[in-house]
**Student:** 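The structure's right below; bear with me while I get my questions together.
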Number of protein chains: 2
Amino acid sequence: MNIGQAARHSGLTAKMIRYYETIGLLAPAGRGANGYRRYGDKDLHQLAFIKRARDMGFSLDEVSRLLALWQDRQRASADVKALAEAHIDDLERKIAELVGLRDTLRELVGHCQGDERPDCPILRGLESGCCAGDHGADD
Amino acid sequence: MNIGQAARHSGLTAKMIRYYETIGLLAPAGRGANGYRRYGDKDLHQLAFIKRARDMGFSLDEVSRLLALWQDRQRASADVKALAEAHIDDLERKIAELVGLRDTLRELVGHCQGDERPDCPILRGLESGCCAGDHGADD
DNA sequence: CATTGACCTTGCCAGGGTGGCAAGGTCGAG
DNA sequence: CTCGACCTTGCCACCCTGGCAAGGTCAATG
């Protein structure tokens, strides 16, 4: 199976697969006589794993560690759990940050008439920082 | 006032200010006889505006439009409001996506013993996609 | 057999937004 | 004069993906 088929089966793109290979996330694929990369069932399985891990929001670095654990038959599930929990914490932080931003912005928007006149509390808020208090949203 | 002072006053870095100038977000600053950029009160005001808009999560492109509206005395507040509301929608989408990821992950983590044994529902979930259903979290 | 079109290969450039580092000019104080 | 702090420009890095180019390969047509 060539890279195009592997891509369609896994949901990744050929570009991503090649990239993952160059950065060492994937072991170099076997090559046919023509130089094309060849993928077998085991490879497809791994690509699908990566795709799902990416869809769950894990960074490539985290995916790399997940892959290592996945392939380690001696792994402790606690290690996987720790990785996942750390990621959940990341997500929580980001969510809290975005919610803070949204609420601040909603507050400003709620005070704005939204008509054809130039007066606008949103701009005033950005100007003076009066309404946009500290919600710790400094990335 | 040189760029360093302007940076400290606005909360931006000198690097950012120069970058904003190169991409046209800021008009080229005036220069002293030595070639150093010079910033006045009006410039500081603008830099602070940008800083706050960035802190609110607006992209540089959105900041650019906000700046234009800010400086347009004929603006309609409706335009500002529309921009802000679009940004709120963006935030809502991102929040929903992250919450979906978090919940899926929490579900998996909740089933994982987290001990020294290798058996791990998290990895099984990533392997087969059994627990990570469609929560529309495909960016 | 020749051509076509789909596929593969590698490599480079782009983005957004910031940090880092280099090599040089300039200022003010010791 | 010298030293350190500051300024200047320019390039490279990150993360991850897309796009485009120039070329090789394959299978199926005419």
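Just so it is clear, the model here is predicted, and its values are computed rather than measured. Proteins come first, then strands; the chains are lettered A, B, ... in the order of their sequence lines, and each starts at number 1.
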**Student:** Remember a base hit wins even if backbone is also touched, and classify A:Arg54 as base, sugar-phosphate or nothing at under 4.0 Å, heavy atoms.
**Tutor:**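 Touches sugar-phosphate only.
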**Student:** Within the modelled atom types, does a donor on one side and an acceptor on the other bring the side chain of A:Tyr19 and the base of D:dG18 under 3.5 Å apart?
**Tutor:**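 Checked by distance alone, the answer is no.
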**Student:** Under 4.0 Å from OP1 or OP2 of D:dT9: is there any side-chain N or O of B:Arg37 that close?
**Tutor:**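 Answer is yes, contact under 4.0 Å.
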**Student:** Once you round it to whole Å, what is the distance between C1' of C:dT18 and CD1 of B:Ile50?
**Tutor:**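 Interatomic distance, CD1 of B:Ile50 to C1' of C:dT18: 15 Å.
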**Student:** Looking at every strand, decide which applies to B:Arg31 at a 4.0 Å heavy-atom threshold: base, sugar-phosphate, or nothing.
**Tutor:**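 Contact class for B:Arg31: sugar-phosphate only.
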**Student:** Would you kindly give the CD1-to-P distance between B:Ile23 and C:dG16, to the nearest whole Å?
**Tutor:**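 Atom CD1 in B:Ile23 sits about 8 Å away from atom P in C:dG16.
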**Student:** At 4.0 Å (heavy atoms only), tell me whether A:Arg18 reaches a base, stays on the sugar-phosphate, or touches nothing.
**Tutor:**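 Base: the residue A:Arg18, judged by heavy atoms under 4.0 Å, touches a nucleobase.
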**Student:** I would like to know whether A:Glu107 and A:His111 meet side chain to side chain donor-acceptor pair (under 3.5 Å); could you show each step before the answer?
**Tutor:** CA-CA 7 Å; A:Glu107 174 78 13; A:His111 290 321; 3.3 Å; yes
**Student:** Taking for each residue the nucleotide of DNA chain D bearing the nearest heavy atom, is the 5' side occupied by A:Tyr20 or by A:Ala33?
**Tutor:**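 Its nearest nucleotide being more 5', the pick is A:Tyr20.
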**Student:** Where does the angle between the aromatic ring planes of A:Phe49 and A:Trp70 fall among parallel (under 30°), tilted (30 to 60°) and perpendicular (over 60°)?
**Tutor:**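 Geometry flag for A:Trp70 against A:Phe49: parallel rings.
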**Student:** Please state how far atom CG in B:Leu12 lies from atom C1' in C:dG17, giving the value in whole angstrom units.
**Tutor:**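 Atom-to-atom, B:Leu12 to C:dG17, this comes out as 12 Å.
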**Student:** Of all the nucleotides listed (D:dG18, C:dC7, D:dC7), which has the minimum atom distance to the side chain of A:Arg8?
**Tutor:**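 Taking heavy atoms from C-beta onward, the closest nucleotide is C:dC7.
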**Student:** Send over the distance from B:Tyr36 OH to D:dC6 P, rounded to a whole Å.
**Tutor:**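 It is 11 Å, rounded to the nearest whole Å.
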**Student:** CD1 of B:Ile95 to CZ of B:Arg93: how many Å apart, nearest 0.5 Å?
**Tutor:**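 Between B:Ile95 CD1 and B:Arg93 CZ, I get 11.0 Å after rounding to 0.5 Å.
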**Student:** So if I take every side-chain heavy atom of A:Ser59 and compare against D:dC16, D:dT8, D:dG18, which nucleotide ends up nearest?
**Tutor:**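 Between D:dC16, D:dT8, D:dG18, the one nearest the side chain of A:Ser59 would be D:dC16.
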**Student:** So, is A:Arg38 near the phosphate of C:dT9, with a side-chain N or O under 4.0 Å from OP1 or OP2?
**Tutor:**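 False: A:Arg38 side-chain N/O out of range (4.0 Å or more) of C:dT9 OP1/OP2.
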**Student:** Measure CD1/A:Ile17 against P/D:dG18 and give the value in whole Å, please.
**Tutor:**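 The distance from CD1 of A:Ile17 to P of D:dG18 comes to 12 Å, rounded to the nearest Å.
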**Student:** Using whole Å, what does the distance between atom C1' of nucleotide D:dA27 and atom CD of A:Gln5 come to?
**Tutor:**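 Between C1' of D:dA27 and CD of A:Gln5: 13 Å.
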**Student:** So how far is it from B:Cys120 SG to B:Gln113 CD, rounded to the nearest 0.5 Å?
**Tutor:**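 The distance works out to 10.0 Å.
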**Student:** Of all the nucleotides listed (D:dC26, C:dT10, C:dG19), which has the minimum atom distance to the side chain of A:Asn34?
**Tutor:**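 Selected nucleotide: D:dC26.
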**Student:** Among C:dC8, C:dT18, C:dT26, which nucleotide has an atom closest to any side-chain atom of B:Met16?
**Tutor:**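 Side chain of B:Met16 sits closest to C:dT18.
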**Student:** Rounded to the nearest Å, what distance is computed from the CD1 atom of residue A:Ile3 to the C1' atom of nucleotide D:dG24?
**Tutor:**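 Interatomic distance, CD1 of A:Ile3 to C1' of D:dG24: 16 Å.
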**Student:** Rounded off to whole Å, could you give me the CD-to-P distance for the B:Glu21 and C:dG17 pair?
**Tutor:**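 Atom CD in B:Glu21 sits about 18 Å away from atom P in C:dG17.
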**Student:** Closest approach of B:Ser77 and A:Gly114, non-hydrogen atoms and distance?
**Tutor:**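 Smallest interatomic distance, heavy atoms only, reads OG-N, 3.3 Å.
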